Amino acid sequence: MLVLAVETSCDDTSTALIEDEFKLLAYTISSQNQYHERFGGIVPEIAARKHLENITYVLKDTLEKSNKELSDIDGVCCTLGPGLVGSLLVGVMFAKGIAQSLKKPFFGVNHIEGHFFAPFLERKRPSFPFTALVASGGHTAIYLVKGFRDYELYSQTRDDAAGESFDKVAKILGLGYPGGPAIQELAGDFVGDIELPTPLLRERDFSFSGLKTAALNLTKKNQPLSDSFKTNLAASFQRKVVEILVEKTILAAKLYGTDDIVVSGGVSANKMLRAVFEKRCKDESINLFIPTFNFCTDNAAMIGIVGHYFLSKGITTPLSVSAMPDWSI
Ligand code: KG4
Ligand code: ZN
């Protein structure tokens, strides 16, 4: 069965084609970073308009790369939510339009569940049940994943998401957008020696806004900012976020007794996070699954894994469904 997947929940326009056994035939990701960069964050109105301009070309590119035609598609899936409503609407209307015109089944995927299944694009896959950390620009949460559409929320952020805090601290330091890669680059191999607070130390939930405020206060106190101070703050902030994400996830996996941990979402592209997770999982004899870099951030391939699973079982979503910007699983 050949399934077309569409993802437009935030600022990346993406399509992918998934064949039997979760085989990724081709995918395309068109990033909008250049349009949002000068605003220091995503402008929802621009994101929706750019999706509309790009989506047809993105699909054409995926079809060409895979040597397939629209008529070869047996089913269509897309992200229904959560995300920016204007962005979601473009992908949902586009995907439903293709399904209707081809008279093929349609399935709506939750963006977060897409992130859970990004490691399924690799040969070595996690086994159910697994503990999943999703850390992106919009979400930071830990789940127990017992199977497809069988999830239990363990903890989530009470304020900013981890990626959002990288973006905000990068803005405070006058670095570019997205902030995660900018902070990572500035920090280099340095771990920093500024002691930032550890919010909600003994609780399951995350909180990142206090860290951002601590960084802001430090920059106010240390004006004018020297290059070495900026590097030290970027490195210390990165180290603290990594420590929080890793330790809370390991604790969750131990409490649940799962052998496998999945780490996904844009922040999982962070080199220090990957290295520390690898070390800690080795110490604890836990198997770690992190997607390759292209599938950490938003992409349609991970959405296609979920869509393919349900469509191949004959499970569909009615075309009367619309975008669900606040859909929580
Ligand atoms: O998953 P994603 O592409 O979109 C959302 O669903 O939000 O994640 C984007 C987020 C941004 O906040 C970005 O700063 C962060 O992921 N990010 C990183 C890195 N690459 C992207 N954060 C830390 N280190 C990175 N290397
Ligand atoms: Zn995402």
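Predicted, not measured: the structure shown is a model, and the values here were computed from it. Each ligand, and each atom within it, is numbered from 1 in the order the structure gives.
Under a 4.0 Å criterion applied to the non-hydrogen atoms of Pro178, ligand 1 contributes the atoms 13 (C), 14 (O). Every atom of ligand 1 is numbered from 1 in the order shown, and the set under 4.0 Å from a heavy atom of Gly179 is 14 (O). Taking every non-hydrogen atom of His115 and a distance limit under 4.0 Å, the qualifying atoms of ligand 1 come out as 1 (O). Contact atoms of ligand 1 toward Gly138: 7 (O) (distance under 4.0 Å to a heavy atom of the residue). Listed by atom number, the atoms of ligand 1 under 4.0 Å from Val267 heavy atoms are 16 (O), 18 (C), 22 (N). Annotation for ligand 1: atoms under 4.0 Å from non-hydrogen atoms of His111 are 6 (O).
Of the protein's non-hydrogen atoms, Gly180 CA, 3.3 Å is the one closest to atom 22 (N) of ligand 1. When only non-hydrogen protein atoms are considered, atom 24 (N) of ligand 1 lies nearest to Asn270 ND2, 3.0 Å. Atom 9 (C) of ligand 1 has Gly137 N, 3.7 Å as its closest protein atom, hydrogens excluded (heavy atom only). Residue, atom and distance of the protein heavy atom nearest to atom 26 (N) of ligand 1 are Gln184 OE1, 3.2 Å.
Annotation: the span from Asn299 atom CG to Ile29 atom CD1 amounts to 5.0 Å, rounded to 0.5 Å.
At a heavy-atom cutoff of 4.0 Å, ligand 1 is contacted by no atom of Lys271, backbone or side chain.
Between Phe128 and Phe130, the distance from one ring center to the other falls under 6.0 angstrom.
A salt bridge links Lys168 with Glu164: the closest approach of a Lys/Arg side-chain nitrogen to an acidic carboxylate oxygen falls below 4.0 angstrom. With respect to Glu203 and Arg158, a salt bridge is recorded, a charged nitrogen being found less than 4.0 Å from a carboxylate O.
Counting heavy atoms of neighbouring residues, nucleotides and ligands inside a 6.0 Å radius, atom CG of Asp20 exceeds 12 of them. Summarising the local packing, CD of Gln223 is surrounded by more than 12 heavy atoms from other residues, nucleotides or ligands at distances under 6.0 Å.
Under the 4.0 angstrom criterion for non-hydrogen atoms, Cys10 is not in contact with ligand 1. Contact analysis leaves His139 out of contact with ligand 1, as no non-hydrogen atom separation drops below 4.0 angstrom.
At least one donor-acceptor pair under 3.5 Å links the side chain of Ser236 to the backbone N or O of Ile194. A distance-only check finds a donor-acceptor pair linking the side chain of Asp167 to the backbone of Gly179 [under 3.5 Å]. In terms of modelled atom types and a separation under 3.5 Å, the side chain of Asn54 and the main chain of Ser30 share no donor-acceptor contact. Put simply, the side chain of Asp227 never gets that close to the backbone of Lys230: no donor and acceptor are under 3.5 Å apart.
Side chain to side chain, Thr13 and Thr8 fail the donor-acceptor criterion of an N or O pair below 3.5 Å. Judged by distance alone, the side chains of Ser9 and Thr79 never bring a donor and an acceptor atom under 3.5 Å apart.
Taking only nitrogen or oxygen atoms, main chain and side chain alike, Gly265 does not reach within less than 3.5 Å of ligand 1. Some N or O of Gly266 is nearer than 3.5 Å to an N or O of ligand 1, by distance alone.
Within the set Asp167, Thr297, Val242, Val169, the minimum heavy-atom distance to atom 14 (O) of ligand 1 is found for Asp167. Within the set Ile42, Asp298, Asn299, the minimum heavy-atom distance to atom 2 (P) of ligand 1 is found for Asp298.
For Asp298, the N, O or S atom closest to the Zn ion (ligand 2) goes by the atom name OD1. Residue His115 approaches the Zn ion (ligand 2) most closely through its N/O/S atom NE2. For His111, the N, O or S atom with the smallest separation from the Zn ion (ligand 2) is NE2.
Clustering ILVMFWY residues whenever any of their side-chain heavy atoms sit less than 4.5 angstrom apart, transitively, puts Leu80 in a cluster other than the one holding Val76.
The Zn ion (ligand 2) has no N, O or S atom of His139 closer than 2.8 Å. The distance from the Zn ion (ligand 2) to the nearest N/O/S atom of Cys10 is not under 2.8 Å.
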